[in-house]
Amino acid sequence: MKFNGFNILREGTRAAWKELIANSFRSFLSLTGITIGIICIIGATSAVESLEAEIKNSFKKLGEDVVYIQKWPWADPGEDWWKFFQRPTPTMNEYLYLKEQLTELEEVGYYVEIGSTVIKTPDVTVEDSYILGVSDNFFQIISKDFKYGRFLSPAEYSTAAPKTILGYEVALE
């Protein structure tokens, strides 16, 4: 009997098949373990990729090429809060100065946070409303889409027209 590669492959396959049949429960457990392992790897990879995409999307909303100058850090200042409290608050005059001096930049914007407050009209009261005053080019700096309506026109902005932009939840109130 002459052995060649095909005969070796056929005999190896036959021996492996006999072992699988003889130890079917062990084979089942092995295949189950491999399947669970593959599912876990796929799930973990999907979760990491989803988290990475969400973080990138969050940074994209802030602006990929934007520098923020402000009094308070974005993270909790912890024990150094007094140091940040003593910093001066950026003013409108400083904004106008920077806008005039930094001519090589596309946009220079300004915003003032009033924070969480109560908004009252004769008909409606909305609690915990977050108020933000912004320069007329602010939404060209950060990406924010409006579902309805528009931003203030330059004329409305420069004449301090009594207009506002409402967020979705406040508009529903």
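Excluded from the calculations below are hydrogen atoms, water molecules and symmetry mates; all remaining heavy atoms, backbone and side chain alike, are included. Computed from a prediction, not measured in an experiment: that's the story for all the values here.
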* Write down the atom of S116, the atom of D128, and the distance for their closest heavy-atom approach. =>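 Distance-wise, the nearest heavy atoms are OG-CA, 3.3 Å.
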* For the student: nearest non-hydrogen atoms of T89 and E94, plus distance ->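 Looks like O-OE1, 4.1 Å.
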* To do: Check the hydrophobic clustering (I, L, V, M, F, W, Y; side-chain heavy atoms under 4.5 Å; chains of links allowed) and say if W17 and L9 are grouped together.
  =>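 Per the 4.5 Å side-chain linkage, W17 and L9 are not co-clustered.
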* Asked: In chain order, what residues pass the ring-ring contact (aromatic ring centres under 6.0 Å, His included) check against W82, with sequence neighbours excluded?
  ->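 Counting only residues at least two positions away or on another chain, W82 forms a ring-ring contact (aromatic ring centres under 6.0 Å, His included) with F85.
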* **Test item: S50 side-chain N/O and S46 main-chain N/O as donor-acceptor pair under 3.5 Å** =>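 Judged by distance alone, no pair lies under 3.5 Å.
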* To do: To the nearest 0.5 Å, tell me how far E54 CD sits from N57 CG.
  =>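 It is 6.0 Å, given to the nearest 0.5 Å.
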* What distance separates L20 CG from T13 OG1, expressed to the nearest 0.5 Å? ->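 It is 10.5 Å, given to the nearest 0.5 Å.
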So does [X] have more than 12 non-hydrogen atoms from other groups sitting under 6.0 Å from [atom1]?
X    : atom1 : result
Y97  : OH    : no
E127 : CD    : no
Q86  : CD    : yes

* Decide yes or no on side-chain contact (heavy atoms from CB on, under 4.5 Å) for L31 and F28, but give the supporting numbers first. => CA-CA 5 Å; L31 290 174; F28 170 75; 5.9 Å; no
